[in-house]
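Notes follow once the structure below has been shown.
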Amino acid sequence: MPELPEVETIRRQLEKEIVGETIVAVWSDRPKMLRPSAERFLKGVKGRKVREVSRRAKLLIFELDEGYFVCHLRLSGRLFVRQKDDEADDYAHVILKFKGGQELRFSEMRLFGYLADQEALGGILSKYGPEPLDDLTADKFYSILRKTSRPVKIVLMDQHKIAGIGNIYANDALFLAKIHPQTPADKLTRGRSDILFTAIEQVFKEGLKYGGASDQWYLQVHGEEGSYQDYFKVYGRTGQRCDVCGTEIERVALGGRGTFFCPECQK
Ligand SMILES: [Zn+2]
């Protein structure tokens, strides 16, 4: 699933492409991807101008001259900016058409992704935890960890506790911090919590620098791949050698997710 660096990369690109554009039509062959309904969604966005594209956790927020809507890419969602006569994109089930002939195409193979207006969202945006690289501080981070004995990796990925961290960057941050993913969160000292906090910032900054990770579905808005997958530290590298000590990277399932670590470096 696209995580903070992937969604933020898309946000930055969309800001350059569609701010100031007016939505004139919405086409969809999977109306269930529009919430609360295709009719209501269309009514809320038609004729509106995009003023800003922001982000909260893994959601993109399209601020309009009146109201806003959000896009959740889920596992396989892609957003492409194209011209109306450009070749069709696979799985493009929703297309927002702009006045000047540009299109925002929402390609979603698994159909779990959605666009929702503010009414359909209810209060969900306020339920996310603080944002790394923004309002998450080392103090807040430590107070989140010390309140639970769940494995630290599970806590990192809990969007209600901290926003934007998914499986790739949780694994790689724990490796950088030399912390075993199964360590109970409340067993980490303040010093190790601070090291992990810095590691999260570091992996996110690297992810942004490389334009995200395209090991699976994620692509940028003109169809380019990101390249963070070439720099994975442990994520997806079962059986390969640790860059630091040469030990083989191991994989276990934790909370149903593949969890990768170096048994020598991470204690
Ligand atoms: Zn190692």
Side-chain angles (χ1 to χ4, degrees), residues 1-9 58 75 129 131-133 136-159 161-218 225-267:
M1 182 185 288
E3 305 178 33
L4 184 152
E6 288 76 34
V7 180
E8 180 62 20
T9 299
K58 302 172 190 171
L75 292 168
E131 290 276 339
L133 306 181
L136 181 66
T137 60
D139 283 344
K140 275 190 205 171
F141 185 63
Y142 182 55
S143 76
I144 290 163
L145 295 185
R146 64 191 293 212
K147 284 192 191 105
T148 173
S149 59
R150 289 152 76 209
V152 59
K153 177 169 177 257
I154 303 261
V155 179
L156 292 184
M157 291 174 62
D158 181 342
Q159 301 300 300
K161 301 246 185 312
I162 304 163
I165 309 178
N167 207 26
I168 292 174
Y169 297 93
N171 277 294
D172 278 5
L174 286 163
F175 172 78
L176 279 185
K178 301 185 184 294
I179 293 169
H180 194 288
Q182 282 168 315
T183 310
D186 60 359
K187 292 283 183 294
L188 291 172
T189 60
R190 175 66 201 239
R192 299 189 88 197
S193 168
D194 285 359
I195 290 167
L196 180 55
F197 174 77
T198 306
I200 291 165
E201 291 196 330
Q202 188 180 332
V203 292
F204 275 167
K205 283 177 184 165
E206 270 185 59
L208 282 167
K209 177 172 130 191
Y210 294 115
S214 293
D215 57 315
Q216 292 187 344
W217 280 91
Y218 161 78
E225 293 191 348
S227 56
Y228 181 69
Q229 67 279 7
D230 299 336
Y231 304 91
F232 284 160
K233 301 172 199 319
V234 285
Y235 176 80
R237 296 188 56 207
T238 316
Q240 296 178 32
R241 302 218 168 263
C242 166
D243 294 338
V244 173
C245 74
T247 304
E248 276 189 19
I249 291 162
E250 291 183 8
R251 180 190 191 280
V252 291
L254 186 57
R257 303 298 299 274
T259 296
F260 308 88
F261 62 100
C262 170
E264 194 56 39
C265 292
Q266 292 173 261
K267 304 280 188 186

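Quick note: numbers below take in every heavy atom, side chains included, and nothing from hydrogens, waters or symmetry partners. Counting convention: from 1, in listed order, for ligands and their atoms alike.
Near-neighbour remark for the Zn ion (ligand 1): protein N, O or S atoms under 2.8 Å are Cys242 SG, Cys245 SG, Cys262 SG, Cys265 SG; waters not counted.
The closest side-chain heavy-atom distance from Lys233 to Asp243 is not below 4.5 Å. Side-chain contact between Tyr218 and Gln229 is absent, with no heavy atoms from C-beta onward closer than 4.5 Å. The side-chain heavy atoms of Ile168 and Phe232, taken from C-beta on, include a pair separated by under 4.5 Å.
Among Glu250, Lys153, Arg251, the single residue meeting the side chain to side chain contact (heavy atoms under 4.5 Å, CB included) criterion with Thr259 is Lys153.
Between His180 and Phe261, the ring-plane angle classifies as tilted under the 30° and 60° cut-offs. Taking the six-membered ring for Trp and thresholds of 30 and 60 degrees, Phe141 and Phe197 have ring planes inclined between 30 and 60 degrees apart.
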